[in-house]
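Note sheet for the following structure.
Since the structure is predicted, the reported quantities are computational estimates derived from the model, not experimental observations. In this chain, residues are counted from 1 in sequence order.
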Amino acid sequence: MNIPQVNVPRLVIIGGGFAGINLVKALGNKPIQVVLIDKRNYHTFQPLLYQVSSAGLEPDSIAYPLRKIIKRYKNMYFRMTKVRSIDAEAKEIHTDIGVIGYDYLVIATGTKTNYFGNKAIEAHSMPMKKVPQALNIRSLILQNFEQAAITNDKAARKALLTFVIVGGGPTGVELAGAIAELKNQILPKDYRDLIASDMQIYLLEGGARVLSTMSDEASKKAARFLTQLGVLVHCNTFVKDYDGKKVTTNLSLQLESETLIWAAGVTGDVVKGLKAEALMERTNRYKVNAYNQVEGYPDIFALGDIALMASDAYPNGHPQVAQPAIQQAQLLGKNILKLMEGKPLKKFKYMDKGSMATVGRNKAVVDLKHYKFGGFFAWFIWMFVHLMALVGFRNRVLVFFNWCYNYINFDKASRLIIRPFYKLK
């Protein structure tokens, strides 16, 4: 891999997500060599992926070059490759471009879409975990509009204008609200030969309520906001099958739709090589102790979504959102330096800063420790927090400009089919 050998320990980080880049920052210019590995050369701000898929933002607004993050640190290296396996005995990582040894290893690979073993849904639905997938959704939505404008078949037009989102978590709720804004603000202006009321947006949630990880108050407000936007919310509804044309559920509800977006769950994106006992099979998350060390491997750590740190407060591990990953990475940076010096390590304690979700223009819900609120103020807080969390000044400026433009003009500026998407037939 053309990484120089030096007389300090080498730490290899697999994954350039929130955990990976915050660990890089914590160990910048410290007496340790750090090698960051990722199959992409950019960090993705995943909380705003849904805005790329709904034509609100361009992808370069939420993506940031990993080399730009590490360039300020002399002890950092980046290699773009896919990791194939870990050889813990030899302390080596096998990748597509070669083998690299390590003294310490950090797995921060995050999650991937979970289809719960349903091959038909996996083949025909649209996932949204990566920038290219978000662009595929954007292209498909706009292509459906274009096709609906020229078809004379009413049934075909209805299927093209029926959008089904599966999963009522923050991703599903936010995406449903954003697509509803396309229906309410863009369709009547850009596609005057279509009837906006013909477009239907369904949000199907298997549980009893949307935003099940948030408070009951936030859940009720979010459902009300979605209904006001024209989204048809169905709880206790499981999708059993989808063949690319027809959605079959556990109820009598059956939908003819050309577009099903799958936001119903994730599973850990594990790396082969570690013993089975180190993995929680049901969720595909590595079992870690209070120092983020993988069970049975004192020199291998796991951070963020891929790590399951069971505690009295979080028996099933911390929530798979950005904050646990960021906080774990910041502490691990300090702990690795202590480990090198033979000093005792500090246990991780998660500080819950609250949770939030936006449901379209002027509507959001926020759960803090002692306060729960929704509406315009919550929407403003949501915008500020996400704007400040973006990596890079340029990205903040781009997103802020786009949000201002969209708000003033009731418009979404990124309605471009740059790369047409062709569904599996």
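Rounding to the nearest 0.5 Å places NZ of Lys347 at 10.5 Å from CE of Met309. With values rounded to the nearest 0.5 angstrom, Leu204 atom CG is found 6.5 Å from Leu255 atom CG. Put simply, CZ on Arg415 and CG on Leu142 are 8.0 Å apart, with the number rounded to the nearest 0.5 Å. Taken from OG in Ser197 to CG in Leu187, the straight-line distance is 9.5 Å, to the nearest 0.5 Å. Between the CD atom of Gln328 and the CD atom of Gln323 there is a distance of 11.0 Å, given to the nearest 0.5 Å. Interatomic distance, Glu277 CD to Met280 CE, rounded to the nearest 0.5 Å: 12.5 Å.
Enclosure of atom CZ in Phe400 is not indicated, since only 12 or fewer non-hydrogen atoms of other residues, nucleotides or ligands lie within 6.0 angstrom. Residue Lys154 qualifies as open at atom NZ: its count of foreign heavy atoms under 6.0 Å is 12 or below. Atom CG of Leu251 sits in a crowded spot, with more than 12 heavy atoms from other residues, nucleotides or ligands closer than 6.0 Å. The number of heavy-atom neighbours closer than 6.0 Å to OH of Tyr314, taken from other residues, nucleotides and ligands shown, is above 12. Within a 6.0 Å radius of NZ in Lys287, more than 12 heavy atoms belonging to other residues, nucleotides or ligands are found. For NZ of Lys372, the number of neighbouring non-hydrogen atoms (other residues, nucleotides, ligands) closer than 6.0 Å is greater than 12. Within 6.0 Å of the CZ atom in Phe377, the count of heavy atoms belonging to other residues, nucleotides or ligands does not exceed 12.
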*Take Glu217 and Lys221, measure what salt bridge (charged side-chain N to carboxylate O under 4.0 Å, His left out) needs, and give me the verdict at the end.*
CA-CA 6 Å; Glu217 179 183 346; Lys221 285 182 178 178; 3.2 Å; yes
*For side chain to side chain contact (heavy atoms under 4.5 Å, CB included), just list the numbers for Ile37 and Ile100, CA-CA rounded to whole Å, side-chain angles, deciding distance to a tenth of an Å, and then say yes or no.*
CA-CA 11 Å; Ile37 296 176; Ile100 183 170; 4.3 Å; yes
*Worked verdict on Leu194 versus Met199 for side chain to side chain contact (heavy atoms under 4.5 Å, CB included)*: CA-CA 9 Å; Leu194 293 176; Met199 180 174 168; over 6 Å; no
*So Lys412 and Glu181, side chain to side chain contact (heavy atoms under 4.5 Å, CB included) or not? Walk me through it.*
CA-CA 9 Å; Lys412 290 179 181 286; Glu181 288 188 331; 3.6 Å; yes
*Applying side chain to side chain contact (heavy atoms under 4.5 Å, CB included), run through Tyr73 and Val34 and close with a yes or a no.*
CA-CA 10 Å; Tyr73 308 120; Val34 178; over 6 Å; no
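Checking side-chain atoms of Tyr102 against main-chain N and O of Asp299 turns up no donor-acceptor pair under 3.5 Å. At distances below 3.5 Å, at least one donor-acceptor pair connects side-chain atoms of Arg285 with backbone N or O atoms of Asp305. Judged by distance alone, with hydrogens and angles left aside, the side-chain atoms of Lys423 form a donor-acceptor pair with the main-chain N or O of Gly244 at under 3.5 Å. Panel note: side chain Ser219, backbone Ser212; no donor-acceptor pair is recorded below 3.5 Å. A donor-acceptor contact shorter than 3.5 Å is absent between the side chain of Arg40 and the backbone of Lys130. Checking side-chain atoms of Glu256 against main-chain N and O of Lys158 turns up no donor-acceptor pair under 3.5 Å. Judged purely by atom type and a 3.5 angstrom limit, Asp38 has no side-chain atom pairing as donor or acceptor with the backbone of Met80. Put simply, the side chain of Arg419 never gets that close to the backbone of Leu135: no donor and acceptor are under 3.5 Å apart. At distances below 3.5 Å, at least one donor-acceptor pair connects side-chain atoms of Arg67 with backbone N or O atoms of Phe78. Checking side-chain atoms of Ser257 against main-chain N and O of Thr162 turns up a donor-acceptor pair under 3.5 Å.
By the 4.5 Å heavy-atom criterion applied to side chains, Pro47 and Phe18 are counted as neighbours. In this structure, Ser53 and Leu175 have side chains that are in contact, with non-hydrogen atoms separated by less than 4.5 Å. His386 is not listed as a side-chain neighbour of Gln51, based on a closest heavy-atom distance of 4.5 Å or more. Contact check for Ile165 versus Ile179: side-chain heavy atoms found under the 4.5 Å cut-off. Between Met388 and Phe384, some side-chain heavy-atom pair lies under the 4.5 Å cut-off. Using a 4.5 Å heavy-atom cutoff, the side chains of Arg84 and Asp96 are in contact. Taking the side chain as every heavy atom from C-beta outward, Arg79 and Thr95 never approach each other to under 4.5 Å. Contact annotation: the side chain of Ser414 approaches that of Arg138 to within less than 4.5 Å [non-hydrogen atoms, C-beta and beyond].
If you check the side chains of Asn152 and Arg157, you find no donor sitting under 3.5 Å from an acceptor.
Relative orientation of the Trp379 and Phe376 rings is tilted, given thresholds of 30° and 60° on the angle between their planes. Aromatic ring orientation, Phe401 versus Tyr405: parallel (interplanar angle below 30°, classes split at 30° and 60°). Note: His124 and Tyr242 have perpendicular aromatic rings, judged against thresholds of 30 and 60 degrees for the angle between ring planes. Taking the six-membered ring for Trp and thresholds of 30 and 60 degrees, Trp403 and Trp382 have ring planes inclined between 30 and 60 degrees apart.
Val210 approaches Val173 most closely through the heavy-atom pair CB-CG2, 4.1 Å. The heavy-atom pair separating Val391 from Tyr64 by the smallest distance is O-CD1, 3.2 Å. Nearest heavy atoms, Pro324 versus Val321: CD-O, 3.3 Å. Annotation for Tyr291 and Phe301: closest pair O-CD2, 3.7 Å, computed over non-hydrogen atoms. When all heavy atoms are compared, the tightest approach of Ala218 to Leu211 is O-CD1, 4.2 Å. The two residues Asn402 and Ser61 make their nearest non-hydrogen contact at ND2-OG, 4.4 Å.
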Just list the side-chain donor-acceptor pairs under 3.5 Å for residues 223-241, sequence neighbours left out, or say none.
residue: Thr227; atom: OG1; partner: Ala223; partner atom: O; Å: 2.9
residue: Thr237; atom: OG1; partner: Cys235; partner atom: O; Å: 2.9

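Checked options Ile306, Ile86, Thr111; the residue passing with Val270 is Ile306 (criterion: side chain to side chain contact (heavy atoms under 4.5 Å, CB included)).
A salt bridge links Arg394 with Asp60: at least one charged nitrogen is closer than 4.0 Å to a carboxylate oxygen.
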